[in-house]
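Below: one structure, written as structure tokens.
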Number of protein chains: 2
Amino acid sequence: MASRIKDSGERQGDSRSRILDAALREFSALGLAGARTDRIAERAGVNKALLYYYYGSKEKLYAAALELIATRIRDRSMAVLTSRATAGERLLRAALDHFDRILAQEDFQSLLQQEMMRLHRGEPGAMAVLVKNVFGPVQHMYESMVREGMETGELIEADWMQIHLSALGANVFYFLSAPVWRMVMSMDPLATEALAARRKALVEFLGQAVFRDRRRGAELAARVLADMPMPEVNRERLRMGRKDEREK
Amino acid sequence: MASRIKDSGERQGDSRSRILDAALREFSALGLAGARTDRIAERAGVNKALLYYYYGSKEKLYAAALELIATRIRDRSMAVLTSRATAGERLLRAALDHFDRILAQEDFQSLLQQEMMRLHRGEPGAMAVLVKNVFGPVQHMYESMVREGMETGELIEADWMQIHLSALGANVFYFLSAPVWRMVMSMDPLATEALAARRKALVEFLGQAVFRDRRRGAELAARVLADMPMPEVNRERLRMGRKDEREK
DNA sequence: CATAATTAACTAACCAGTTAGTAAATTACC
DNA sequence: GGTAATTTACTAACTGGTTAGTTAATTATG
């Protein structure tokens, strides 16, 4: 495609994908209902009718954006869960990767929250794509991983679901509540040091909690931490989504 | 209408408060943006203009609803935190009360989530009322409670914030993710038995984790559990907010 | 009768989706 | 190989439904 890029072909990054990209940002920031098709078109640098030409409706565009990011997340998660390491090490890596993912790339987390609220509201089809493409496969793989760890004697005998729940919950709630803590306390839970501390505590806690041999847990935790440095974060991005104080 | 009921005065719970009540339900289910003023008026049994007569604007009505529920929640939380019992026991009671509150009365949780997303979006004034009226005082009281427990030697030496974070996070994430788990697995985390089990595990875990004397922790956990039976829940309410399949 | 409570009817803005069209590229066909 | 038919990519301008908010008139009440 790319059509008539003859010599000065700089624009034209494929309208279709530019729309999807703009939609992803708009939807993750404002949600399905809050997103404005006009704004998506504007940010993609195309006419609004083109959204409809390619994607048919606002809802379908939303679905496309969701599917795009779902694929990305699933691939990344599955890669960690199936990497070449013992089950225990993979468990620690998965927890840390989850933390880092929320930290570096909040699109998914926002979209996920939106979908959860839609599900809670009983909107039909909510979460379906995510469950099928992400949570289903990932959870299944997580279960195998924990079972394997228990069989080899590396991990304690416990309900794999409780472990998964704790590991996810700790991360999700930390980031979810961080803006509130900052308002209540003087301390900033999203400052680099606070993040590093929390990240370390997460792995060390899991190392203590789920390994049969706690010394091995501690050792692995240290190794994994050393091996997976905390990603650089676009500082501004964490602070606040946007500060549209347009009118009023 | 309905107005001129003189002797058979059963309706007429004061339009003003009926509006606020309807608004609370509408806002907690759909959020500020999703709520419809027409629907609030209809459900309150008054003309829409009356909302504006009493509350001025949609936003001010939202603020009023938020303030109403904030007061309720603060009073309940503070009552538990300042009850006559040792710090450790109050800590366990507070955790259990938090669980039960989410279980029985999800208005606040929904509203809170909405506010958190508004804060995340950087909308001015988001969370302000809740922080000032609820989280500020409650967190302050929680800190004193944990400090007291550490001073008397009942609780382990630990960062009170980490304890509070864990206690809240476990509950919030459980209910937040429950609908998704139900979609992925065959098991229902909101079934009565699952809830009871989770509730028990919560207190027992805290009993083991934060008490210096674990036997005392276990004992207190058992006592608190026996003393605070799980509330009856309107079963339908948990399932799904609404199932509007109107058109289409 | 004055004022507080309440309403019916209206308006202005917004926004998802449509229409009717154009210019360029691709395919069909003699 | 040249041109007519068709398709692809794209736009400006409009439409119709929805919704927050208003106004002016009406009813109750102390």
Side-chain angles (χ1 to χ4, degrees), chain A residues 1-23 26-27 29-65 114 118 123 125 244 246-248, chain B residues 1-23 26-27 29-65 114 118 123 125 244 246-248:
Chain A
M1 293 303 136
S3 33
R4 41 48 212 273
I5 320 174
K6 302 243 146 122
D7 29 25
S8 71
E10 52 143 351
R11 215 162 162 284
Q12 199 67 4
D14 208 17
S15 299
R16 197 182 168 108
S17 68
R18 286 220 317 288
I19 289 170
L20 195 55
D21 193 65
E26 178 79 3
F27 284 129
L30 285 322
L32 173 56
R36 296 292 159 240
T37 53
D38 288 301
R39 214 175 321 163
I40 294 173
E42 191 196 316
R43 281 211 240 171
V46 302
N47 186 279
K48 184 169 59 137
L50 203 58
L51 313 197
Y52 292 89
Y53 176 70
Y54 281 126
Y55 294 99
S57 73
K58 191 191 189 187
E59 257 107 23
K60 282 185 197 155
L61 179 56
Y62 178 77
Q114 306 275 2
R118 290 183 63 210
E123 290 178 27
D244 299 9
R246 291 168 291 227
E247 67 280 296
K248 191 175 193 176
Chain B
M1 299 297 133
S3 32
R4 44 38 214 274
I5 318 172
K6 301 237 147 130
D7 31 27
S8 72
E10 51 144 351
R11 215 157 162 284
Q12 197 67 0
D14 207 18
S15 298
R16 197 184 168 108
S17 68
R18 285 220 316 286
I19 290 170
L20 194 56
D21 193 66
E26 178 80 3
F27 284 129
L30 285 323
L32 173 57
R36 297 292 160 239
T37 52
D38 288 306
R39 215 175 320 162
I40 294 173
E42 190 196 317
R43 281 211 240 170
V46 302
N47 186 278
K48 184 169 61 138
L50 204 56
L51 314 196
Y52 291 88
Y53 177 69
Y54 281 125
Y55 294 98
S57 73
K58 191 190 187 187
E59 255 108 27
K60 282 185 198 155
L61 179 55
Y62 178 77
Q114 306 275 2
R118 291 183 63 210
E123 288 177 29
D244 300 9
R246 292 168 290 229
E247 68 279 295
K248 189 174 192 181

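In the text below, chain A, chain B and the rest are named by the order of the sequence lines, each starting its count at 1.
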Just call it for A/Tyr53: base, sugar-phosphate, or nothing, with non-hydrogen atoms closer than 4.0 Å on any strand.
base

How close or far is atom P of D/dT19 from atom CG of B/Leu51, stated in whole angstroms?
15 Å

Partner set under salt bridge (Lys or Arg N to Asp or Glu O under 4.0 Å) for B/Lys58, not counting sequence neighbours
none

Please identify each residue that fulfils side chain to side chain contact (heavy atoms under 4.5 Å, CB included) with B/Gln114, with sequence neighbours left out.
A/Met117, A/Arg121, B/Tyr62

Contacts of B/Tyr55 meeting side-chain hydrogen bond (donor to acceptor under 3.5 Å, both in side chains) (sequence neighbours excluded), chain-then-number -> none

Just to verify, what does A/Glu42 make a side chain to side chain contact (heavy atoms under 4.5 Å, CB included) with, not counting sequence neighbours?
none

Which distance, rounded to the nearest 0.5 Å, do you find between the CG of A/Asp14 and the CD1 of A/Ile19?
9.0 Å

Give the rounded distance in Å between these two atoms: CD1 of B/Ile40 and P of D/dT19.
12 Å

Who pairs with A/Ala63 by side chain to side chain contact (heavy atoms under 4.5 Å, CB included), at least two apart in sequence or on another chain?
none

Take the protein atom CD1 of B/Ile19 and the nucleotide atom C1' of C/dA5, then report the distance between them rounded to whole Å.
10 Å

Measure CZ/B/Arg16 against P/C/dT6 and give the value in whole Å, please.
11 Å

Whole angstroms only, please: what is the CG-P distance between B/Leu50 and C/dT7?
6 Å

Provide a list of protein-nucleic acid N or O atom pairs under 3.5 angstrom, restricted to nucleotides 16-18 of chain C.
unit_1	atom_1	unit_2	atom_2	d
C/dA16	OP1	A/Ala35	O	3.3
C/dA16	OP1	A/Arg36	NH1	3.0
C/dA16	OP1	A/Lys58	NZ	3.3
C/dA16	OP2	A/Thr37	N	3.2
C/dA16	OP2	A/Thr37	OG1	2.6
C/dA16	N7	A/Lys48	NZ	3.1
C/dG17	OP2	A/Tyr52	OH	3.0
C/dG17	OP2	A/Lys58	N	3.0
C/dG17	N7	A/Lys48	NZ	2.7
C/dG17	O6	A/Lys48	NZ	2.8

